[in-house]
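Every chain is numbered from 1, with letters handed out A, B, ... down the list of sequences.
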Amino acid sequence: MRTRIKEFRARHGLTQEQLADAVGVRRETIVFLEKGKYNPSLQLAHDVATALGATIDELFVFNQEDTK
Amino acid sequence: MIGRPEWFTRRKYGGWGLYPKTWQGWAYIAAFMVPFIIFQALPYWDVTTRTAVTVGWLALLMLDTFHIMARLKKDEREYRIEAIAERNAAYAMVGFIIIGILWQLASSSLRQAPEVDWFLIAALFGGLIAKAISNLVLERSAL
């Protein structure tokens, strides 16, 4: 899984800490999300997408191997 | 109650419970410990008073600790990490308890007086009940 969270966060001028506060998680969770090393719940994916004015599809890009 | 969850973090590497993450957390521990140590150091009290104060102090500390732990804020990644770590700890404990029971049975049988520590059996049984209740509740809940 690849994410575009960092790109969208930069567009909104948000720090990792600010995004973490906005969606109610720790900064470390945002770090792992941005690196694609954490599979979030649908709720968290939705919250992050809402906070960044994007859709889940835009933020989270799944490879074919991820879905197998 | 007394302590606040923002003063503490979940103990990850040295057992279970809480670990102070702010000076208020350390102050909380000192505020609990120092009066108790002073009380125990004074020679005026009889055994009954000492026992009553110790039991009351421990009960209050445990109650407040559980209260803080129940209110600790964790995000979903922390919940997952904690759940997997606790599951692994439970596997290890169950494994050692079973080895302990088998060891007791084997060694006592060699002495032709088979016996086993019933606390170990009770620990396994307690875990079994906790697991069954958890499965029963979680299977019906909207996780």
Side-chain angles (χ1 to χ4, degrees), chain A, chain B residues 1-29 64-91 130-131 133-143:
Chain A
M1 182 186 72
R2 188 171 65 80
T3 77
R4 295 172 64 202
I5 295 173
K6 193 172 182 178
E7 178 191 330
F8 274 79
R9 184 170 58 76
R11 270 192 222 167
H12 282 73
L14 288 173
T15 64
Q16 289 177 332
E17 193 79 54
Q18 287 168 330
L19 179 59
D21 286 343
V23 297
V25 298
R26 292 195 314 162
R27 193 183 66 83
E28 286 82 354
T29 301
I30 300 296
V31 172
F32 279 87
L33 272 176
E34 287 187 352
K35 287 180 181 171
K37 289 185 174 177
Y38 176 60
N39 263 331
S41 67
L42 190 56
Q43 180 70 57
L44 180 56
H46 173 266
D47 291 347
V48 172
T50 305
L52 296 177
T55 63
I56 293 174
D57 267 1
E58 285 174 314
L59 285 187
F60 298 91
V61 183
F62 284 89
N63 300 321
Q64 200 61 34
E65 298 88 55
D66 294 330
T67 56
K68 286 177 184 171
Chain B
M1 283 178 67
I2 305 167
R4 290 173 176 236
E6 54 267 30
W7 298 346
F8 297 93
T9 183
R10 180 173 69 89
R11 190 176 280 274
K12 295 177 188 171
Y13 307 109
W16 288 265
L18 299 167
Y19 189 80
K21 69 173 182 184
T22 64
W23 66 267
Q24 290 97 330
W26 289 106
Y28 170 90
I29 291 173
D64 203 35
T65 302
F66 287 133
H67 191 237
I68 294 168
M69 286 176 78
R71 292 180 301 151
L72 265 187
K73 279 189 180 169
K74 284 176 275 191
D75 68 21
E76 62 175 47
R77 187 168 168 273
E78 287 175 292
Y79 267 113
R80 280 190 208 175
I81 291 170
E82 184 179 20
I84 293 168
E86 296 294 343
R87 181 205 63 187
N88 291 347
Y91 282 166
K131 181 179 174 178
I133 291 172
S134 300
N135 274 320
L136 194 70
V137 172
L138 294 173
E139 291 279 3
R140 295 169 187 208
S141 72
L143 271 180

Smallest separation among heavy atoms of B:Asp75 and A:Arg26, with atom names: OD2-N, 2.8 Å

Greater than 12 external heavy atoms within 6.0 Å of [X]'s [atom1]:
X	atom1	result
B:Arg4	CZ	no
A:Lys6	NZ	no
B:Leu136	CG	yes
B:Arg87	CZ	yes

Pairwise distance CZ(B:Arg77) to CD(A:Glu28) - rounded to 0.5 angstrom: 7.5 Å

Interatomic spacing from OG1 in A:Thr29 to CZ in B:Arg80 - rounded to 0.5 Å: 10.0 Å

